[in-house]
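Working notes, beginning with the structure itself.
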Amino acid sequence: MKKTIITVVGKDTVGIIARVCTYLADNGINILDISQTIVQGYFNMMMIVDMGGCGRSFGDVSDELVSLGEEIGVVIKCQKEEIFDQMHRI
């Protein structure tokens, strides 16, 4: 399993979840866990996904999600699980 953390942040609009999830499904990326909140009109979503079924490189997926985010007006970031864990260790 190749776990990746995806975060999506920006002004709330219709279709953010649909666009991101459609991209993931089209690329064989399985959502393992998802959390999303909207606070005073700002959207925040964190997903843990498994990229094991994706035939594309992490870099390609990350770049395409950044582009998708720009297209829909949010910031999308990807981090490999092991890097995320190291950054958030106490």
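Everything numeric in this text was worked out from a predicted model, so none of it was measured.
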Decide yes or no for V39 and N44: does some side-chain heavy atom of the first lie under 4.5 Å from some side-chain heavy atom of the second?
no
So, N27 side chain and I29 main chain: donor-acceptor pair closer than 3.5 Å or not?
no
So do M46 and Q36 actually touch side chain to side chain, heavy atoms under 4.5 Å?
no
If we check side-chain contact (heavy atoms from CB on, under 4.5 Å) with M47, which of these qualifies: I5, L24, L32?
L24
Does K11 make a cation-pi contact with F43, if we ask for NZ or CZ under 6.0 Å from the ring centre and within 45° of the axis?
no
Any side-chain heavy atom of T4 sitting closer than 4.5 Å to one from Q79?
no
How far apart are the closest heavy atoms of K2 and D50, and which atoms are they?
N-OD1, 3.1 Å
Measuring only between side-chain heavy atoms, which start at C-beta, is I16 closer than 4.5 Å to V8?
yes
From I48 CD1 over to S35 OG, what is the distance, rounded to the nearest 0.5 angstrom?
9.5 Å
Give the cluster check for Y42 versus V75: same hydrophobic cluster or not, with ILVMFWY residues linked at side-chain heavy-atom distances below 4.5 Å.
no
Apply side-chain contact (heavy atoms from CB on, under 4.5 Å) to residues R19 and E71 and explain how you reach the verdict.
CA-CA 10 Å; R19 293 287 302 274; E71 185 181 316; 2.3 Å; yes
Are the side chains of I6 and I76 in touch, meaning some heavy atoms are under 4.5 Å apart?
yes
M51 reachable from V66 in the ILVMFWY side-chain graph, under 4.5 Å edges
no
Quick check: closest heavy atoms across Y23 and L65, and the distance to 0.1 Å?
CD2-CD2, 3.5 Å
Applying a strict under-4.5 Å side-chain criterion to I, L, V, M, F, W and Y, I'd like to know whether V49 and V9 cluster together.
no
Would a distance-only check, ignoring hydrogens and angles, find a side-chain to backbone donor-acceptor pair under 3.5 Å from T22 to A18?
yes
For V61 and R56 the tightest heavy-atom approach is CG2-CB, 4.0 Å
If hydrophobic clusters are built from ILVMFWY residues whose side chains come within less than 4.5 Å, do I38 and M45 share one?
yes
